[in-house]
Amino acid sequence: MAKWLFKSEPDTWSWAQQLAKAPAGEEWHGVRNYLARNNMRAMRLGDQGFFYHSNIGKEIVGIVEVCALSHPDSTSDDPRWDCVDIRALRPVTRPVSLAMVKADHRLAKMALVTCARLSVQPVTDEEWRIVCELGGVEP
DNA sequence: GCCAACGTTGGC
DNA sequence: GCCAACGTTGGC
């Protein structure tokens with residue numbers, strides 16, 4: 001299973017809101033970037049991802065799972081924009097901050113660091129394991 | 001198909 | 001709130 005990372009400004013959509021929608025899940029709409037969209041198109045049911053709070057917090061706060069394959073974004077009339085649905089699985093024991101990620105040389109190549117503006121990112125298996133370790137949660 | 005202008009993201 | 005980075009748009 002591939003691993004991913006989803007960014008959201010908690011002002012707009014927070015982990016608490018995502019958690020409140022579990023287990024049904026929620027459409028990850030609003031992405032208007034080709035690379036982020038292509039990442040969502042590549043997702044499979046059961047793929048897991050980190051839920052990251054951008055701007056406020058700047059930390060990974062939970063783990064989500066893809067529960068619907070890529071489909072047209074209901075918030076757009078433009079057929080270019082698709083998105084998946086995700087549901088909250090569990091919070092991390094300790095939030096993993098951007099500063100912690102940057103401070104860990106093993107995570108230097110993480111997209112969170114190298115592609116700061118990409119809102120839906122791939123995560124390698126090794127990065128997944130290390131972030132889970134930092135967050136005190138089972139990979 | 002290039003590239004300048006513009007808009008947005010997101011860390012600080 | 002600022003601004004750097006960078007993705008997108010649109011004129012040529």
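Reminder, nothing fancy here: chain letters follow the sequence lines and each chain counts from 1. Note that these values count all heavy atoms, side chains included, but never hydrogens, waters or copies made by symmetry. Values in this document were obtained by computation on a predicted structure and should not be read as measured data.
In this structure, the side chains of Glu127(A) and Val101(A) stay at 4.5 Å or more apart for every pair of heavy atoms. Between Phe6(A) and Val84(A), some side-chain heavy-atom pair lies under the 4.5 Å cut-off. Within the 4.5 Å cutoff, the side chain of His53(A) has heavy atoms near those of the Ser14(A) side chain. Proximity of Trp15(A) to Ser8(A): side-chain heavy atoms (C-beta onward) are nowhere separated by under 4.5 Å.
The side chain to side chain donor-acceptor pair (under 3.5 Å) pairs that include a residue from residues 55-68 of chain A are Glu9(A)-Asn55(A), Glu65(A)-Arg87(A), where partners are two or more places apart or lie in different chains.
An angle of 10°, rounded to 10°, separates the two end axes of the helix from dG1(B)-dC12(C) to dC12(B)-dG1(C), each defined over five pairs.
Across all non-hydrogen atoms, the minimal contact from Pro10(A) to Gln17(A) is O-OE1, 4.3 Å.
Among Arg32(A), Arg37(A), Arg41(A), the one residue that satisfies the salt bridge (Lys or Arg N to Asp or Glu O under 4.0 Å) test with Asp82(A) is Arg41(A).
The 12-atom threshold is exceeded at CD of Glu133(A), counting heavy atoms of other residues, nucleotides or ligands nearer than 6.0 Å.
A side-chain N or O of Trp13(A) and one of Gln18(A) form a donor-acceptor pair less than 3.5 Å apart. In this model, no donor atom of one side chain and acceptor atom of the other lie less than 3.5 Å apart for Ser76(A) and Asp78(A).
The stretch residues 4-15 of chain A touches DNA chain B through Lys7(A), each having a heavy atom within less than 4.0 Å of the strand. Residues from residues 32-40 of chain A with heavy atoms under 4.0 angstrom of DNA chain C, sorted by number: Asn33(A), Tyr34(A). The stretch residues 115-124 of chain A comes close to DNA chain C through Arg117(A), each having a heavy atom under 4.0 Å from the strand.
Along DNA chain C, the nucleotide nearest to Asn55(A) and the one nearest to Thr114(A) differ in position, and the one closer to the 5' end is contacted by Asn55(A).
Separation of atoms OH (Tyr52(A)) and CD1 (Ile60(A)) is listed at 7.5 Å; rounding is to 0.5 Å.
With hydrogens and angles disregarded, a donor-acceptor distance shorter than 3.5 Å links the side chain of Asn39(A) to the backbone of Val120(A). Looking at Arg106(A), its side chain never comes within 3.5 Å of a backbone N or O of Ile130(A) through a donor-acceptor pair. No donor-acceptor distance shorter than 3.5 angstrom exists from the side chain of Arg44(A) to the backbone of Val66(A), with no hydrogens or angles considered.
A salt bridge between Lys3(A) and Asp47(A) is absent, with no side-chain N of the basic residue lying under 4.0 Å from a carboxylate O of the acidic one.
Extent of DNA chain B lying under 4.0 Å from chain A heavy atoms, first and last nucleotide in 5' to 3' order, is dG7(B) to dC12(B).
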